[in-house]
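Chain A is the first sequence line, chain B the second, and so forth, proteins listed ahead of strands; every chain is numbered from 1. Reckoned from all heavy atoms, side chains included, excluding hydrogens, waters and symmetry mates.
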There are 2 protein chains.
Amino acid sequence: MTDEQRRRRGRPRSEQAHDAVLAAARELLAEVGYARLTIEGVAARAGVGKTTIYRWWSSKAELVAEILYRPISIEEIPESGSPRDDLAANIRLIVEPFTDPWYGPALTGARNDLNADPEGQKAFQAQIMSGRRDTGRAVFQRLVDAGDLPPDTDVDYLIDVMSGLLVYRGAIWRQPITEEDVRKLVALLVDGRPPRRTPS
Amino acid sequence: MTDEQRRRRGRPRSEQAHDAVLAAARELLAEVGYARLTIEGVAARAGVGKTTIYRWWSSKAELVAEILYRPISIEEIPESGSPRDDLAANIRLIVEPFTDPWYGPALTGARNDLNADPEGQKAFQAQIMSGRRDTGRAVFQRLVDAGDLPPDTDVDYLIDVMSGLLVYRGAIWRQPITEEDVRKLVALLVDGRPPRRTPS
DNA sequence: ATAACAAAACGCAACGTCACGTTATTGATT
DNA sequence: AATCAATAACGTGACGTTGCGTTTTGTTAT
């Protein structure tokens, strides 16, 4: 790229300011939540002008979306040998961010604001969710290849069932998702075994 | 109740104004969506003062929540003789409001705003969701009684799986839920049969 | 020279509250 | 029976506040 060689004239953008904004936004997100997070508050804490923030991001929702994106950019699940364990690992990876108490509200909050703009919806969907689905497909495919699921299994449907439960419990109702829940989910999705009440 | 007998002095609250506000809010919700819905806009269309709105509801989210509550106040599912059909009927009843294109965003939007206030969260949960869960428990219990599910089935878990898929697809990603999807869901939850790809 | 920077101010939109005069109902007084 | 406070919700309109996204100004780094 010639962009890197021929540096632009004038003062270059400060990566330091960029990172300070992200850090400040992350902190404030954890402290006050998405609804009470303001651009002006972020600028003040980052020691940065609002102008600088708007030079990098076009809205509060977009800024928050970038923060939310990172922990969700899921790497591949290593093959443990047991496809069921791989699925469980994938579930835990999805759930993990929800354990941060600010994450769920911020996720739904950002999604909600981005929905005001009809094209922001697609942007969010593409940016946040596409990586997860690819990872999920790969994991379920291992189960199909191992013969644990029929060859013509509707994998995307299973991904929606899985994601649905996790989002519903974790992000919407903010209930913790336990190891027990993971076990029940794998049993239901792969083996078709209904969940049993835990003898407490 | 003595409240009804001994009416308060002064001008009584206008049920007409109350209903006009609800109607106007419902219209505007369908026209501009939750995010762009304003109290002032509702007041203007209803021909009502903002004060009157705040006399009945304490926030936009609370007002919208009342609108959302009505279609969800689920009646009992009649016993068709086939518990599986009862479950399918329950699923269709949950999905039905999502066919209104404004409903899903309004649901997530109102929920999100109510979460800013930590006690509004409980209010929403109690008001919107409790009825659905009772209905769902009854339907799954019929399956248990009929021997289609083990006696110690964790019914609440199944309700979460079911609700999760429906909310995830219908309210969050705004995808239509087809008869095919209903069939797959019943097969998975009750019979443990994985969903198959539809030969299109 | 040029462009990103921080700071500060702008206009805008919506918020929630308030004071005002009006209207509807109740309870006491004629 | 008719009248008249007292009361309370009404619609209107204006208020100050907040946060937005933009614009301006002077400074700093390349």
S.K.: Pick the nucleotide of DNA chain C nearest each of G10(B) and E15(A); which residue has the one closer to the 5' end?
M.R.: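 Nearer the 5' end of the strand: E15(A).
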S.K.: Measuring from the side chain of S14(B) (C-beta onward, heavy atoms only), which nucleotide among dC10(D), dG27(C), dA24(C) has the closest atom?
M.R.: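 From the listed options, dC10(D) comes nearest.
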S.K.: Nearest 0.5 angstrom please: I53(B) CD1 to S59(B) OG, how far?
M.R.: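 Answer rounded to 0.5 Å: 11.5 Å.
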S.K.: Could you give the CZ-to-C1' distance, from R13(B) to dT26(C), as a whole number of Å?
M.R.: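 Result: 18 Å.
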S.K.: For R9(B) and dA28(C), give me the distance from atom CZ to atom P, rounded to whole Å.
M.R.: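 Interatomic distance, CZ of R9(B) to P of dA28(C): 7 Å.
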S.K.: Just the rounded figure in Å: distance from P of dA14(C) to OH of Y34(B).
M.R.: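 Roughly 14 Å, once rounded to whole Å.
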S.K.: Distance-only, no hydrogens or angles: does the R92(B) side chain make a donor-acceptor pair with backbone N or O of L87(B) under 3.5 Å?
M.R.: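 Checked: no pair found.
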S.K.: Can we say D134(A) and R137(A) salt-bridge, meaning some charged N sits less than 4.0 Å from an Asp/Glu carboxylate O?
M.R.: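 Yes, D134(A) and R137(A) are salt-bridged.
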S.K.: Out of curiosity, R174(B) CZ to T108(B) OG1, how far, rounded to the nearest 0.5 Å?
M.R.: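 The OG1 atom of T108(B) is 8.5 Å from CZ of R174(B), to the nearest 0.5 Å.
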S.K.: Just how far, in rounded Å, is C1' of dA7(C) from CD1 of I39(A)?
M.R.: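 Result: 17 Å.
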S.K.: Expressed in angstrom and rounded to an integer, what is the separation of R36(B) atom CZ from dC15(C) atom C1'?
M.R.: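 Going from R36(B) (CZ) to dC15(C) (C1'), I get 18 Å.
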S.K.: In whole angstroms, how far is the P atom of dC20(D) from the NZ atom of K60(A)?
M.R.: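 Taking atom P of dC20(D) as the reference, NZ of K60(A) is at 6 Å.
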S.K.: Let me confirm one number: the CD-CG distance from E180(B) to D154(A), rounded to the nearest 0.5 Å.
M.R.: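 If we round to the nearest 0.5 Å, E180(B):CD and D154(A):CG are 8.5 Å apart.
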S.K.: Pull out every residue in residues 18-29 of chain B that has a heavy atom closer than 4.0 Å to any atom of DNA chain D, ordered by number, or say none.
M.R.: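 Nucleic-acid contacts, sorted: none.
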S.K.: With a 4.0 Å cut-off on N to O distance, would you call D148(A) and R142(A) a salt bridge?
M.R.: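 Result for this pair is no, no salt bridge flagged.
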S.K.: Does the cation-pi check pass for R26(A) over W102(A), that is, NZ or CZ under 6.0 Å from the six-membered ring centre and within 45° of its axis?
M.R.: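 Here R26(A) fails the 6.0 Å and 45° test against W102(A).
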S.K.: Salt bridge check: are D152(A) and R196(B) linked by an N-O gap of less than 4.0 Å?
M.R.: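 Answer for the salt bridge query: yes.
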S.K.: Taking OP1 and OP2 of dC10(D), is either one under 4.0 Å from a side-chain nitrogen or oxygen of W56(B)?
M.R.: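 For dC10(D), OP1/OP2 do have a side-chain N/O of W56(B) under 4.0 Å.
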S.K.: Y54(A) has an atom OH; how far is it from atom C1' of dT24(D), in whole Å?
M.R.: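 After rounding, the reported distance stands at 17 Å.
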S.K.: Taking the inter-plane angle between the rings of W57(A) and H18(A) on a 0 to 90° scale, is it parallel (under 30°), tilted (30 to 60°) or perpendicular (over 60°)?
M.R.: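 Answer is parallel, since the angle falls under 30°.
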S.K.: Restricting to nitrogen or oxygen on both sides, can you table the protein-nucleotides 12-18 of chain D pairs closer than 3.5 Å?
M.R.:
from: dT12(D); atom 1: O4; to: T51(B); atom 2: OG1; distance (Å): 3.4

S.K.: Can you tell me if R11(B) touches the phosphate of dT7(D), counting only side-chain N or O atoms and a distance under 4.0 Å to OP1 or OP2?
M.R.: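 The answer is no; no side-chain N or O of R11(B) sits under 4.0 Å from OP1 or OP2.
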S.K.: Of S59(B) and A17(A), whose closest DNA chain C nucleotide lies nearer the 5' terminus?
M.R.: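 Nearest-nucleotide comparison on DNA chain C picks A17(A).
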S.K.: Over how many whole Å does the gap from Q16(B) atom CD to dA24(C) atom C1' extend?
M.R.: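 Spelled out: CD on Q16(B) to C1' on dA24(C) is 13 Å.
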